[in-house]
*Asks:* 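Can you read through this structure? Questions will come right after.
For ligands, and for the atoms within them, numbers begin at 1 and follow the listed sequence. If you read the sequence from its start, that first residue is 1, and numbering goes on from there.
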Amino acid sequence: MHSLETNLNNVRQRIISACTQSGRDPKSVTLVAVSKTVNVETVQEAFKLGITDFGENRVKELVHKREMVPEARWHMIGRLQTNKVKDVVGTGCLIHSLDRWNLAEALQKRAEKLDLTVPVLLQVNVAGEKQKAGVQADEVLPFLQSIDQLYRIRVMGLMTMAPLSDDAEASRPVFRELAQLRKRLQQSQIPNVTLQYLSMGMSQDFEVAIQEGADLVRIGSSIFNAS
Ligand SMILES: *Cc1c(COP(=O)(O)O)cnc(C)c1O
């Protein structure tokens with residue numbers, strides 16, 4: 001069993017190598033440690049080791065851990081039910097998983113009530129997998145053009161998950177397509193849409209994601225469950 005510190009140093013080193021290989025500044029990549037499988041004590045330990053950003057895929061866990069470690073930045077990366085929106089909006093979390101219109105409407109409504117804006121990433125189902133959440137790639141432009149009417153929502157970027165695979169290279173076309181999609185959308189200059197972040201890459205493929213332009217990598221098992 002490796003220690004958390006060893007795992008973390010290993011992941012950080014791999015992030016730095018991937019950045020160096022592709023001529024990127026390591027500071028341009030944010031490591032989001034996905035803490036969904038570990039308890040608060042482990043999150044606190046990781047925070048002491050310098051992790052600033054944590055991701056959770058369930059609202060209840062997110063709210064609980066955020067209360068216990070409020071100094072960290074928190075990311076909601078899992079499917080968000082509309083009835084849980086009230087627990088997330090206003091917490092300062094970045095929501096990576098805006099994946100459907102009725103969720104956007106629920107976010108707008110809550111943000112209006114609290115008189116604030118909500119930062120989100122639009123989740124794109126690049127590979128078109130039936131079982132996966134996300135807006136289809138060819139529906140992203142009309143989705144973002146319509147979001148102008150939901151003026152409390154700030155679309156800060158795009159998120160995707162590549163199909164599960166043992167081969168990191170299998171994710172490359174998916175990540176490349178998301179990066180190209182962002183480029184095309186940026187040229188469209190849609191109001192309330194800045195698209196500065198690409199959230200892509202997990203334990204299976206984060207180096208490839210960095211080579212393809214990821215700004216946020218979401219890494220869980222390589223940090224918390226590596227053996
Ligand atoms: C669990 C999860 C991750 C992290 O996956 P690992 O393979 O453990 O690195 C990243 N993104 C999402 C959306 C997740 O649910």
Side-chain angles (χ1 to χ4, degrees), residues 1-4 6-15 17-18 29-40 42-43 45-46 49 51-66 72-81 84 88 93-100 103 119-135 155-172 174-175 178-179 197-227:
M1 185 62 190
H2 288 274
S3 75
L4 180 58
T6 310
N7 294 344
L8 209 44
N9 286 341
N10 181 26
V11 166
R12 281 177 167 142
Q13 206 47 57
R14 287 170 61 190
I15 290 175
S17 303
V29 177
T30 299
L31 168 59
V32 178
V34 177
S35 50
K36 65 191 179 193
T37 60
V38 297
N39 59 21
V40 170
T42 307
V43 172
E45 200 189 332
L49 292 168
I51 294 289
T52 54
D53 291 72
F54 293 91
E56 287 286 332
N57 64 345
R58 286 165 185 272
V59 171
K60 212 173 145 205
E61 280 284 295
L62 175 79
V63 168
H64 173 61
K65 286 174 179 158
R66 188 183 156 272
R73 282 189 295 263
W74 287 90
H75 301 251
M76 173 59 192
I77 62 171
R79 188 171 168 88
L80 180 53
Q81 242 98 52
K84 302 274 172 64
V88 179
C93 288
L94 178 61
I95 298 166
H96 291 226
S97 47
L98 173 58
D99 59 354
R100 58 198 193 279
L103 176 59
V120 303
L121 308 181
L122 186 69
Q123 184 171 352
V124 185
N125 189 354
V126 174
E129 290 179 282
K130 282 210 175 61
Q131 71 279 18
K132 275 222 179 97
V135 176
V155 184
M156 314 291 292
L158 304 176
M159 180 272 227
T160 200
M161 286 173 85
L164 211 60
S165 168
D166 294 334
D167 178 14
E169 281 301 325
S171 303
R172 192 180 297 280
V174 171
F175 296 155
L178 194 73
Y197 302 118
L198 288 180
S199 168
M200 56 189 197
M202 329 198 307
S203 294
Q204 65 174 25
D205 51 20
F206 68 86
E207 284 137 316
V208 170
I210 289 169
Q211 289 159 8
E212 297 299 328
D215 306 285
L216 299 161
V217 288
R218 311 177 309 269
I219 303 177
S221 50
S222 292
I223 297 172
F224 295 113
N225 321 97
S227 52

*Asks:* Would you sort out whether R218 and M161 count as a side-chain contact (heavy atoms from CB on, under 4.5 Å), showing the intermediate values?
*Replies:* CA-CA 10 Å; R218 311 177 309 269; M161 286 173 85; 3.4 Å; yes
*Asks:* Can you check side-chain contact (heavy atoms from CB on, under 4.5 Å) on H96 and L216, steps first, answer last?
*Replies:* CA-CA 10 Å; H96 291 226; L216 299 161; 3.8 Å; yes
*Asks:* Do T6 and N9 pair up side chain to side chain, a donor and an acceptor below 3.5 Å, judged on atom types alone?
*Replies:* no
*Asks:* Output the distance between atom OH (Y197) and atom CG (L158), rounded to the nearest 0.5 Å.
*Replies:* 13.5 Å
*Asks:* Under a strict 4.0 Å criterion on non-hydrogen atoms, which protein residues are in contact with ligand 1?
*Replies:* V34, K36, I77, M161, M202, S203, R218, I219, G220, S221
*Asks:* Between K36 and E61, is there a salt bridge with N-O shorter than 4.0 Å?
*Replies:* no
*Asks:* Hey, is CZ on R172 packed in by over 12 heavy atoms from elsewhere, all under 6.0 Å?
*Replies:* yes
